[in-house]
Amino acid sequence: MTTRFTGSFTQQEPIPEDAIEAAVAVMRSGRLHRYNLADGEEGEVSALEREFADYMGSRYCLAVASGGYAICTALRAMGVGHGDRVLTNAFTLAPVPGAIASVGAVPVLVEVTEDLVIDLDDLAAKAGEADVLVLSHMRGHLCDMDRLMEICDGAGIGVIEDCAHTMGARWRGVLSGRHGAMACYSTQTYKHMNSGEGGLLVSDDADLMAKAVLLSGSYMLYPRHGAAPGPEAFEGIVLDTPNISGRMDHLRAAILRPQLARLDAQCAAWTERYREVERCLAGIPGLVLPGRPQAEAFVGSSIQFLLPDRSGAELQAFVAACAARGVELKWFGADKPAGFTSRYDHWRYAAPGALPRTDRVLAGLLDMRLPLTFSLEDCRVIGGILAEEVRRLA
Ligand SMILES: *Cc1c(COP(=O)(O)O)cnc(C)c1O
């Protein structure tokens, strides 16, 4: 009898009870807007900003409406505007080129390697083409951050890190998001903390952060922030910075604060699950697991593998066979975007050029979520099914 997995790949854990209580307290107060505070009250949003900055070891933090909004805001704060070119890795999620397009800029796509990170040689070759890089740590894979910063610092490129999949991860002990000038996080349901929608932006740069705070829609209430620069950083720019509303509210912040307190434990639980599936897939002929360098402490909230020598038809059949056994995979080689999964050449507005190395990688790339509602035994069952179906291909 063939095993079938019956769990859901999109079912998250419930919101913790203390977070629910905090959210109910906000609703009982009626004060949901971040600047609606009682006398002497800090408010959930400011408290979250203070606590996240503290967790990250950053000087400043701003909570916003989404991860994509955080990237748009970082681009604007760094002065990117209409007609500018912005470097970004070709393997990422659609909100990244979307954020670049939203400020009227044009992405310059950089190749990715078989390890699913930005191709640093291609980045070095294209370094003269733009002043800003949005580095997307797609699916939690960190490139050699030391060499990346060397290339970018050498070429005068400002780095915005998209840490939607690396909240809690580290490169050589440094938290992901602490290398670039600004870093963006998402608290959307499928990321490492869940407030439905939401985003966080961190930086050590007072000028960039003051601009970001004003951009997010602070009116003249920026002194009510928990982790923003002092009033002197705002003085010269208040009248020149447009209000592009995208604040976070107290309800979401209330849900996130108790989750932040558990973040490291959650990250460890994800990686345990990743290792379980990885063990089942290791050593199968024709299946390549992306390398995970020693310097990278990743968060295994999803797993990727490559079946490089297979035709499109074979991969389609493989995905269907796994789906028939309850294992949901995403394939980056499909002609048309499906669900959340799209490929750089589907982003017609980004006018993508040819990226042969990326094409070869994405044609054989499979991707699977690992929600924390899966037990380790679930992961062994899933890994076993994948291993059997890959062997059946051979
Ligand atoms: C989810 C995601 C974003 C955007 O986050 P939202 O909060 O959904 O706007 C950006 N980059 C990557 C890689 C993502 O996965």
J.: Supply the atom-to-atom distance Ile118 CD1 to Met145 CE, rounded to the nearest 0.5 angstrom.
T.: 9.5 Å
J.: Evaluate the side-chain proximity of Arg34 to Glu44: yes if any heavy-atom separation is below 4.5 Å, no if none is.
T.: no
J.: Would you check, one step at a time, whether the test side-chain hydrogen bond (donor to acceptor under 3.5 Å, both in side chains) holds for Arg50 with His225?
T.: CA-CA 9 Å; Arg50 195 172 40 70; His225 279 242; over 6 Å; no
J.: Work out which heavy atom in Met368 is nearest to a heavy atom in Leu386; give both atom names and the distance.
T.: SD-CD1, 3.9 Å
J.: Rounded to the nearest 0.5 Å, what separation is found between the CD atom of Glu276 and the CZ atom of Phe374?
T.: 13.5 Å
J.: Any chance you could lay out the side-chain hydrogen bond (donor to acceptor under 3.5 Å, both in side chains) test for Gln266 and His192, step after step, and finish with the verdict?
T.: CA-CA 8 Å; Gln266 299 285 92; His192 296 176; over 6 Å; no
J.: So, do Lys191 and Tyr185 sit near enough that their side-chain heavy atoms are less than 4.5 Å apart?
T.: no
J.: Please round to the nearest 0.5 Å and tell me the distance separating atom CG of Leu133 and atom CD of Glu161.
T.: 9.0 Å
J.: Is there a side-chain contact between Arg178 and Ser176, using heavy atoms and a 4.5 Å cut-off?
T.: no
J.: Check the surroundings of atom CG in Asp204: do more than 12 heavy atoms from other residues, nucleotides or ligands lie under 6.0 Å from it?
T.: yes
J.: When you look at Asn89 and Tyr344, which way does the side-chain hydrogen bond (donor to acceptor under 3.5 Å, both in side chains) test go after all the steps?
T.: CA-CA 9 Å; Asn89 40 305; Tyr344 78 91; over 6 Å; no
J.: Could you tell me whether the side chain of Glu389 and the main chain of Cys322 form a donor-acceptor pair under 3.5 Å?
T.: no
J.: So with a 6.0 Å cut-off around CD of Gln294, is the heavy-atom count from everything else above 12?
T.: no
J.: Do the numbers put Arg310 on top of the ring of Phe318, so that NZ or CZ is under 6.0 Å from the six-membered ring centre and no more than 45° off the axis?
T.: no
J.: Check Arg147 with Asp121, please: is the shortest side-chain N to carboxylate O separation under 4.0 Å?
T.: yes
J.: Which atom names give the shortest non-hydrogen contact between Ala363 and Leu315, and what distance separates them?
T.: O-CD1, 3.2 Å
J.: Does Asp378 use its side chain to pair, donor to acceptor, with the backbone of Ser375 at less than 3.5 Å?
T.: yes
J.: Which atom pair, heavy atoms only, marks the closest approach of Trp331 to Gly312?
T.: CH2-O, 3.7 Å
